[in-house]
There are 2 protein chains.
Amino acid sequence: MPKLWNETIEAHRRAVRDAILSTTAQLAAEHGVRSVTMSQIAEQVGIGRATLYKYFPDVEAILLAWHDRRITEHLEQLAEVRDQADGPGDRLEAVLRAFAHISRQTGAHNGTELGAFLHRDERVVRAQQQLHGMIRDLLAEGAQAGVFRDDVAPDELATYCLHALTAAAALPSEAATDRLVTVTLSGLRNGHSMPDGRGPAGRHEHHHGHHAGHPGH
Amino acid sequence: MPKLWNETIEAHRRAVRDAILSTTAQLAAEHGVRSVTMSQIAEQVGIGRATLYKYFPDVEAILLAWHDRRITEHLEQLAEVRDQADGPGDRLEAVLRAFAHISRQTGAHNGTELGAFLHRDERVVRAQQQLHGMIRDLLAEGAQAGVFRDDVAPDELATYCLHALTAAAALPSEAATDRLVTVTLSGLRNGHSMPDGRGPAGRHEHHHGHHAGHPGH
DNA sequence: TGACATAGTAGACAGTGTGTCTCGTAAAGT
DNA sequence: ACTTTACGAGACACACTGTCTACTATGTCA
């Protein structure tokens, strides 16, 4: 479909750009990142090779842009979910649940790996840090309220959360994903005695049912 | 060093093969998987390009072999750690702790990502499954003994464990890694009330200090 | 509507990596 | 000493890259 000339010219460029990203991701998933070529992409998208070079300088850049787009989308979704819930505990749970479902649906390259091996790019790292920051802040807030454990830094707990939930990609069902969130959350809860008998055994946890359905993709 | 002719001829081939794997991994980590070339590898290793082709058919195969070697090594290490501990709870904890430290040291492509994007290979998947199986069995054993939660299938808990602990790669210290293991373990413990108020609140867990130092690499 | 900027195409080009040969050399195995 | 095995250098056709030059088609704006 070389003739997808849309209304305005800017909309057209955006459409072509998106098509390039999607096609490249598909080819990469199908034949491996290493084998994707500019020629291949151009042919698959239905544009000339020279045209492709007017959008992106090389395959690396396309994969980077694709990754970037994904993370940005997810960030927006998660921020929305967060703002629809109230209280630190509920917010965190809602966000984590949404993140788990996103991971499951997309295949979870969210973590670190693809970015790590796809040559580290500052933008990607920064987007990753934003996500990490969001979780960390919710955890810190919740720890202050006594809902979450405070014997481990929120920073580290956030890392734990994000990685644990990428496991959703390997799970077979939505129900299993929900169970994963439950397990992950129970690692965060307050009220556990530590190996050395240190931890504050003061507050208690209170539960509440689910809510916050995961965002449709 | 084209002259690394070791004693026996088989030892030599093994040495060259290992050098190829290491060099390739290094180049991939340095410039990105996509940019690694056979010519580059041959030059870096110090052998002729044609010779390299007598060891591996292409870069993909080298990366696969490298990944394979890593996972195999780790499996052996973990099996050893497991057999040095007694009882389901202790064994699982020892294995998880070792796994976390390995993840931290190596950078943790253990998870799924590299393999997933590096074109799925049966061998790699199978090695991955072995690791998963080991954890799952320990969890099942422990659940029967009442040490771990039994409201979630061992299979799913194993997935949770492995992913959660790859977070170690992002942690700054050994101490932080230990804390991560603690948090992860507390997600596995029995005695939590579930959102629906189901779970058994029976037995308790006993702790004791570490042991089984992580295997030196 | 006409002028112009913008987006598109095809084809040519040198440069580089690929995968496969052959040939000559040198060391390991017997 | 004789054979096997491994290596390196060079040559080859082929594919992809990145850039450039025409030439065409469409949207934008006076």
Side-chain angles (χ1 to χ4, degrees), chain A residues 1-66 117-119 121, chain B residues 1-66 117-119 121:
Chain A
M1 50 185 72
K3 281 288 176 290
L4 34 73
W5 279 90
N6 294 2
E7 16 180 322
T8 157
I9 198 167
E10 187 182 336
H12 166 69
R13 281 194 66 90
R14 188 170 300 273
V16 173
R17 200 188 124 97
D18 283 355
I20 293 172
L21 294 188
S22 302
T23 299
T24 304
Q26 186 221 320
L27 287 173
E30 195 167 341
H31 307 296
V33 236
R34 279 192 49 84
S35 70
V36 188
T37 68
M38 291 292 270
S39 316
Q40 212 176 61
I41 296 168
E43 189 184 10
Q44 188 77 14
V45 174
I47 60 178
R49 200 168 62 90
T51 306
L52 180 54
Y53 277 101
K54 288 181 179 174
Y55 281 85
F56 296 99
D58 52 39
V59 182
E60 206 83 9
I62 303 180
L63 287 169
L64 239 18
W66 168 75
F117 249 90
L118 193 59
H119 211 181
D121 183 80
Chain B
M1 48 186 72
K3 282 289 176 286
L4 34 74
W5 279 91
N6 293 3
E7 14 181 324
T8 156
I9 197 167
E10 187 182 336
H12 165 68
R13 281 195 67 90
R14 189 171 298 274
V16 173
R17 199 188 124 98
D18 283 354
I20 293 172
L21 294 188
S22 303
T23 300
T24 304
Q26 185 221 319
L27 287 173
E30 195 167 342
H31 307 295
V33 235
R34 280 191 48 84
S35 71
V36 188
T37 70
M38 291 292 270
S39 316
Q40 211 174 60
I41 296 168
E43 189 184 10
Q44 188 78 15
V45 174
I47 61 178
R49 199 167 63 89
T51 305
L52 180 55
Y53 277 100
K54 288 179 179 173
Y55 282 85
F56 295 99
D58 51 39
V59 181
E60 206 82 9
I62 303 181
L63 287 169
L64 239 16
W66 169 75
F117 249 91
L118 193 58
H119 209 179
D121 182 81

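Residue numbers start from 1 in every chain, and the chains themselves are labelled A, B, ... in the order their sequence lines are given, proteins ahead of strands. Quick caveat, the model's predicted, so the values are computed rather than measured.
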>> I'd like to compare against my own output: the B/S/- annotation of nucleotides 12-17 of chain C with a strict under-4.0 Å heavy-atom distance to protein.
In response: B----S
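Across all strands shown, A/F56 has no heavy atoms under 4.0 Å from either base or sugar-phosphate atoms.
For A/I9, taking side-chain heavy atoms from C-beta onward, the closest of the listed nucleotides D/dT28, D/dC7, D/dG10 is D/dT28.
Surrounding CD of B/Q26 are more than 12 heavy atoms belonging to other residues, nucleotides or ligands, all under 6.0 Å away.
Taking atom CG of B/L52 as the reference point, atom P of C/dT20 lies 12 Å away to the nearest angstrom. If you measure from atom CD of A/E43 to atom C1' of C/dA10, you get 15 Å, rounded to the nearest angstrom. Separating the CZ atom of B/R17 from the P atom of D/dA6 is a distance of 14 Å, rounded to the nearest angstrom. For the pair B/Y55 OH and C/dT18 P, the interatomic distance rounds to 19 Å; values are reported in whole Å. Put simply, NZ on B/K54 is 13 Å from C1' on D/dT4, counting in whole angstrom units. Rounded to whole angstrom, the span from the CD1 atom of A/I47 across to the C1' atom of D/dA25 amounts to 16 Å. Rounded to whole angstrom, the span from the CZ atom of B/R13 across to the C1' atom of C/dA27 amounts to 14 Å.
Close to D/dT28, at under 4.0 Å from its OP1 or OP2, lies a side-chain N or O of A/T8. For D/dC7, one of the phosphate oxygens OP1 or OP2 lies less than 4.0 angstrom from a side-chain nitrogen or oxygen of B/H12.
Partner of B/I20 under the side-chain contact (heavy atoms from CB on, under 4.5 Å) criterion, chosen from B/D18, B/V16, B/T23: B/V16.
For the pair A/V45 and A/L52, the minimum side-chain heavy-atom distance is 4.5 Å or more. A 4.5 Å side-chain heavy-atom check between A/D58 and B/R34 finds every atom pair outside the cut-off. Contact annotation: the side chain of B/V33 never approaches that of A/V33 to less than 4.5 Å [non-hydrogen atoms, C-beta and beyond].
Using modelled atom types, one side-chain atom of B/S35 and one backbone atom of B/H31 make a donor-acceptor pair closer than 3.5 Å.
Taking the ring axis of A/F56 as reference, the NZ or CZ atom of A/R17 does not stay both within 45° of it and closer than 6.0 Å to the ring centre.
Judged by closest nucleotide on DNA chain C, B/Y53 is the one of B/Y53 and B/E10 placed further toward the 5' end.
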